Amino acid sequence: MKKKFLAAMMCAMLAMGTLAGCGQSTSSGESASAEGGTQEQSSDMVTLNLYIPTLATYSEDAITEVENAINEYTADTYGWQIHLNYNEIGTHEQKINLAMTTDQLDVTCYFTGNGQLASYVHNGQLLDITDYYNNASDELKNTFTDAEITASSMDGRLYGLVRKYQYGGLEVVVMNKEIVEAMDIDPASIDSMDKLGEVLYQVHEAYPDIYALVPQSSADMSWAKTWIEGIGLTNFAYTNDVDSTEVGSLFEMESFREFCSYTNRWYQDGLLMSDAVSNTQEGTDMVTAGAAFACLHNADIDPLENIYPNTVTSAVLIESKAIPTDIGNLQYGISVNSAHPDESFELLSALYTDVQLQTLLAYGIEGEHYIINEDGKADYPEGMTAENEPYGGFVATAVYPNYLLLPVKESATVEDYKATIDEWNASVKVSPATGFYFDTAEYTDFVTAYKNLEDKYKNALLTGSIALDDVLPQIQSELTAIGFYEVIEEVQTSLDEYLAQ
């Protein structure tokens with residue numbers, strides 16, 4: 001799941017310059033080591049090491065300059081300082097795992113999409129912040145939904161705070177605007193797979209030389225699906241829909257069967273990309289260029305037409321929902337080996353509630369790394385772009401704790417992101433399995449065997465190149481051989497016990 005999360009995060013950030021900024025380059029370097037510090041740090045004041053992953057370019061000079069500005073503020077306001085540790089996102093997990101064995105890490109960002117929260121807790125790496133949070137300000141507590149707190153907890157104890165962000169997604173169809181207009185198609189009328197099929201057949205007849213439908217990304221037909229995966233942070237337990245608590249095999253979910261029946265029929269009739277299972281392109285790129293008519297796509301608060309030129313979107317095919325790994329897939333917590341846990345929780349709290357601190361951290365220094373224009377919107381200074389602005393936070397805001405505190409960008413598609421996100425999150429259906437963890441540490445061989453099995457069949461079925469009925473008996477035989485049904489029964493028992501609490 002981590003790979004999917006990172007891919008989704010990169011895709012979203014590249015698209016959502018309107019929301020959190022986007023950056024295609026990785027960090028050009030990391031800040032000075034935790035043992036170092038800047039010239040303006042005071043030796044007689046507590047210095048807290050903050051670790052953040054990067055998705056953009058940060059120059060060493062810009063990091064130092066922003067760090068000094070932050071410390072001038074925090075020294076006066078809180079009585080402590082911060083040392084910024086930026087890590088390229090691909091090496092961030094390795095770096096924080098090493099740093100957490102020392103007292104040189106205090107507060108850190110970490111990913112949870114592949115069970116890392118459970119691993120950090122089981123390994124004794126994260127500080128239990130339950131009591132700190134219970135005694136925290138109402139301002140901090142009111143920042144989070146119940147689902148977000150659950151997503152940061154294990155066995156009723158809180159170990160971190162989630163990055164504030166919209167969670168979950170709905171499914172729509174992204175279509176080529178020129179073809180839609182030429183064929184007088186009503187996008188709002190496409191609100192089901194049946195309606196989509198009717199349009200695809202019409203387009204295929206009128207434009208036989210292009211693909212009528214392609215995957216959303218690579219061989220993945222869509223990131224928004226009816227069935228729910230990631231139950232208990234496993235990669236093998238699924239439920240049929242967001243309300244269900246009955247776990248089982250993906251291949252035996254009725255919603256999976258229904259989806260595959262559509263794609264298989266469309267594949268057989270030549271509507272779907274014939275080599276979809278080996279596709280390496282983004283569906284929206286093909287739709288925008290006119291090489292394809294449509295792709296299924298997950299969506300949230302930002303209009304996709306604003307992100308992808310020459311496209312229009314359909315009505316909603318699947319209502320907004322959140323799987324367990326959607327909520328809190330990026331969190332901030334405190335290392336259990338921090339030498340300054342009290343001050344670290346003050347920093348953690350401030351990252352979510354202090355507008356000045358969050359703005360300095362994410363956008364940098366006003367007038368140098370960003371400006372507030374005459375409309376009151378944040379923008380680049382004259383002559384600066386994402387390619388030459390030295391402090392990458394403005395272009396890659398999504399990794400920071402609470403972008404809802406930040407001045408809205410000139411490129412934004414809404415006027416008030418906090419109100420929009422609050423309304424969005426309130427509308428999202430949340431799986432009752434959120435917060436449930438099934439420890440797979442003793443099931444390493446099984447997990448590997450199941451992953452191999454899923455890799456063998458999943459995308460071929462979803463892209464329609466093989467029919468589920470033709471291979472299901474063989475899949476069930478292979479599930480039996482690896483002990484799937486015994487393991488899933490244990491997951492079900494654990495989930496039932498969790499829900500009974």
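The structure presented is a predicted model; accordingly, all values stated were derived computationally and were not measured.
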pair F111-I89: side-chain heavy atoms closer than 4.5 Å: yes
Heavy-atom check, side chain of T397 versus side chain of Y363, under 4.5 Å: yes
Exercise: do N329 and Y167 side chains pair donor with acceptor under 3.5 Å: no
Centroid separation F236 to Y443 less than 6.0 Å: no
Intermediate values then yes/no, side-chain contact (heavy atoms from CB on, under 4.5 Å), L296 and L317: CA-CA 9 Å; L296 295 166; L317 273 66; 4.0 Å; yes
Note: D220-K225 ion pair, threshold 4.0 Å (strictly below): yes
Pair N235, E229: side-chain N/O donor-acceptor within cut-off below 3.5 Å: no
Proximity of Y437 and Y498 rings by center, below 6.0 Å: no
Flag for E387-T385: side-chain donor and acceptor within less than 3.5 Å: yes
Distance-only donor-acceptor check, side chains T413 and D302, under 3.5 Å: yes
Distance-only side-chain donor-acceptor flag, Y201 / E205, under 3.5 Å: no
Check: Y120 ring centroid to Y110 ring centroid under 6.0 Å: yes
Side-chain heavy-atom pair W424, V428 within 4.5 angstrom cut-off: yes
From L161 atom CG to S152 atom OG, the distance as rounded to the nearest 0.5 Å: 6.0 Å
Student check: side-chain heavy atoms of D243 and K429 closer than 4.5 Å: yes
I190 CD1 to L196 CG distance, which is reported to the nearest 0.5 Å: 6.0 Å
Candidate pair E478 and K456, rule side-chain contact (heavy atoms from CB on, under 4.5 Å), full reasoning: CA-CA 11 Å; E478 293 182 39; K456 181 178 177 182; 3.1 Å; yes
Derivation and outcome, side-chain contact (heavy atoms from CB on, under 4.5 Å), residues E252 and R257: CA-CA 7 Å; E252 295 167 311; R257 173 185 291 276; over 6 Å; no
Check: F484 ring centroid to Y450 ring centroid under 6.0 Å: yes
Residues, nucleotides or ligands: over 12 heavy atoms within 6.0 Å of E305 CD: yes
Geometric class of the F251/Y457 ring pair [parallel <30°, tilted 30-60°, perpendicular >60°]: perpendicular
Min side-chain heavy-atom separation I210-I179 under 4.5 Å: yes
Aromatic plane relationship, Y86 with Y400 - under 30° parallel, 30 to 60° tilted, over 60° perpendicular: perpendicular
Partner set under salt bridge (charged side-chain N to carboxylate O under 4.0 Å, His left out) for D269, not counting sequence neighbours: none
Residue pair K164 / L405, side-chain heavy-atom distance below 4.5 Å: no
Residue pair N85 / I52, side-chain heavy-atom distance below 4.5 Å: no
Between E171 and S222: side-chain donor-acceptor atoms closer than 3.5 Å: yes
Nearest-0.5 Å distance, OG1 of residue T239 to CE of residue M253: 7.0 Å
The single option from T311, V199, V180 passing side-chain contact (heavy atoms from CB on, under 4.5 Å) against P187: V180
Heavy-atom donor-acceptor pair, E282 side chain to T284 backbone, under 3.5 Å: no
D155, CG: over 12 other non-hydrogen atoms inside 6.0 angstrom: no
E148 and R163 ion-paired at < 4.0 Å: no
S255-N240 side chain donor-acceptor pair, cut-off 3.5 Å: yes
Point-to-point distance, once rounded to the nearest 0.5 Å, from CG of L472 to OG of S249: 8.0 Å
From CA spacing to verdict: side-chain hydrogen bond (donor to acceptor under 3.5 Å, both in side chains), N425, T145: CA-CA 9 Å; N425 287 350; T145 65; 5.9 Å; no
Min side-chain heavy-atom separation F446-I482 under 4.5 Å: yes
Aromatic ring pairing Y417/Y403, orientation class (parallel under 30°, perpendicular over 60°, tilted between): perpendicular
Residues H92, C109; criterion side-chain contact (heavy atoms from CB on, under 4.5 Å); working and verdict: CA-CA 9 Å; H92 179 71; C109 172; 4.2 Å; yes
Separation of L105 CG from K95 NZ (nearest 0.5 Å): 12.5 Å
Pair N87, Q94: side-chain N/O donor-acceptor within cut-off below 3.5 Å: no
